[in-house]
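Okay, so here's the structure we're looking at.
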Amino acid sequence: MTQRAFLDHLAAERRAIEADGLWKREREILSPQGARITVRDPDGRTRTVLNLCANNYLGLANHPGVVAAARAALESHGNGLASVRFICGTQDLHRALEARIAAYLGKDDAILFAACFDANGGVFEALLGSEDAVVSDSLNHASLIDGIRLCKARRYRYRNGDMDDLDARLAEARAGGARFVMVATDGVFSMDGIIADLAALTAVAARHGAVVLVDDCHATGLLGPGGRGTPALAGVEEGVHILTGTFGKALGGALGGYVAGPQAVVDILRQRARPYLFSNALPPAVAAGALAAIDLAEAGEDLRARLAANARHFRARLETTGFRLLPGHHPIIPVMVGEAAVAQALAAALHEEGVFVTGFFVPVVPRGAARIRTQMSAALSREDLDLAADAFARAGRALGLVGG
Ligand SMILES: *Cc1c(COP(=O)(O)O)cnc(C)c1O
């Protein structure tokens, strides 16, 4: 194929995506992340809008204590390591962060990755072989799906949250002669805000002698006692053997992922996980910011209480207006609209109203299940939420999504 034909092919793909109303556009933000952000519109206009779509659950992304810790580390430890961890890229800050996140989550140890995408990308291949099996939830995050694809273990999939199906798949894996079996699930399914039923899941897994891995990206810092996540929320911390997570959401919002678990697991990952062995160490400022964010999250009962109250309030306001929401208790509150074009139109109308939200549609959610995924933050005030709910009501009426 000539280069010309290749580029023509990509241009045709682009036109098809645009014709389907599925082209994603990025708006530029000129301010730090927060409840209010300054954005630049395509016409060059800048304005300040309310932000309802960040993973900034505790409002730590621009917290003065986190920023100060990052700045101090930039001064004391420099910009970066120019090395992977095992060659000459491990600073005291990296080990401090690994020890801190492990202690926070009640695990033996932890290992850092450039992102949770990489943690999930490396964990399965390093721990499991062709004699083993992985059983995974059908709604798992793309990074778990890709990580599982990269390992040689037999793969089984159960319907989202269906514990009978999980039980059957585990039995199938055992009947197939698997040496070790691992169950992998999101703690919170991020498109829907569904919290996994880990009490049931760990019981089923235990019956089959399976190891349990939970990706708790949308829970660590914000759910459960001390913000220790979905295992703590369900009271089954002992039954969840391996946790993966991110510093890019509630824990400061910068970057970085980790695997926390038994010492033997972390030790082998340090020797074998490819995204760890072949990718650069986290910048020291990022590690120091994450350390400060964990302290704030652990002590952040007030932040979690405000976050939960915000979620209850906003959910109630949207329901009263007549919007169709997915039920739940997580600060992810999806407003279901159906078609991608409607999601785009609602997001555009809200932007005009000064409310920043993003439409979600295929491929990130199923066709016909397009939505505006709103996310609550402790940084949002009650007044902010009322402003946003009023804007939703006006935009929803204008588009015929709600009555009145
Ligand atoms: C955000 C997210 C990730 C990716 O985390 P990064 O650190 O941004 O790579 C992985 N898994 C789940 C469930 C997530 O929500």
Side-chain angles (χ1 to χ4, degrees), residues 26 33 53-58 60-61 94 97-98 101 105 110-125 134 136-150 160-161 182-198 201 212-224 227 229-231 233 240 242-261 269 273-276 279-283 286-287 289-290 293-294 297 328 330-334 358 360 363-365 371 373-377:
E26 297 174 6
Q33 187 61 277
C53 54
N55 299 310
N56 188 21
Y57 293 114
L58 301 179
L60 301 181
H94 296 111
L97 179 54
E98 286 169 341
I101 189 70
L105 299 175
I111 173 171
L112 301 177
F113 289 81
C116 188
F117 206 104
D118 289 327
N120 289 340
V123 67
F124 300 99
E125 200 250 353
V134 191
S136 71
D137 189 289
S138 62
L139 281 192
N140 274 348
H141 190 264
S143 54
L144 284 175
I145 295 170
D146 288 4
I148 291 168
R149 276 189 191 139
L150 288 171
N160 175 239
M182 190 182 288
V183 179
T185 182
D186 285 12
V188 173
F189 298 94
S190 57
M191 291 302 131
D192 303 319
I194 298 170
I195 299 170
D197 181 357
L198 292 186
L201 184 144
V212 175
L213 178 147
V214 172
D215 171 346
D216 231 8
C217 277
H218 282 280
T220 307
L222 61 139
L223 293 188
T230 54
L233 181 69
V240 174
I242 302 173
L243 280 165
T244 70
T246 184
F247 301 113
K249 290 180 175 129
L251 299 181
L255 185 73
Y258 57 85
V259 178
L269 290 175
R274 292 165 66 84
Y276 181 86
S279 189
N280 206 31
L282 277 183
V286 167
I294 296 169
H330 193 273
I332 290 173
I333 305 176
T358 302
F360 282 48
V364 295
V365 296
R371 66 198 66 182
R373 184 182 73 174
T374 67
Q375 285 170 283
M376 296 297 101
S377 168

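Counting convention: from 1, in listed order, for ligands and their atoms alike. Both backbone and side-chain heavy atoms feed into the values below; hydrogens, waters and symmetry mates do not. This chain uses plain numbering: 1 for the first residue, then up along the sequence.
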Taking a 3.5 Å cut-off between nitrogen or oxygen atoms, can you list every pair linking ligand 1 to the protein, with distances?
unit_1   : atom_1 : unit_2 : atom_2 : d
ligand 1 : 7 (O)  : Cys116 : N      : 2.8
ligand 1 : 7 (O)  : Thr246 : OG1    : 2.7
ligand 1 : 9 (O)  : Cys116 : N      : 3.3
ligand 1 : 9 (O)  : Phe117 : N      : 2.9
ligand 1 : 11 (N) : His141 : ND1    : 3.3
ligand 1 : 11 (N) : Asp215 : OD2    : 2.6
ligand 1 : 15 (O) : His218 : NE2    : 2.9
ligand 1 : 15 (O) : Lys249 : NZ     : 2.6

_Of Leu198, Thr185, Leu243, the residue whose pairing with Thr230 passes side chain to side chain contact (heavy atoms under 4.5 Å, CB included)_ = Leu198
*Would a 4.5 Å heavy-atom cut-off, applied to side chains only, mark Thr220 and Tyr258 as touching?*
yes
*Indicate yes or no for a side-chain donor-acceptor contact from Glu98 to the backbone of Leu112 under 3.5 Å, with no hydrogens or angles considered.*
yes
*asked:* Test of understanding: with side chain to side chain donor-acceptor pair (under 3.5 Å), list the residues that count as partners of Asp215, not counting sequence neighbours.
replied: Asn120
*Taking the side chain from Asn160 and the backbone from Asp137, do they hold a donor-acceptor pair closer than 3.5 Å?*
no
*is_close_aromatic(Tyr57, His330), centroid dist under 6.0 Å*: yes
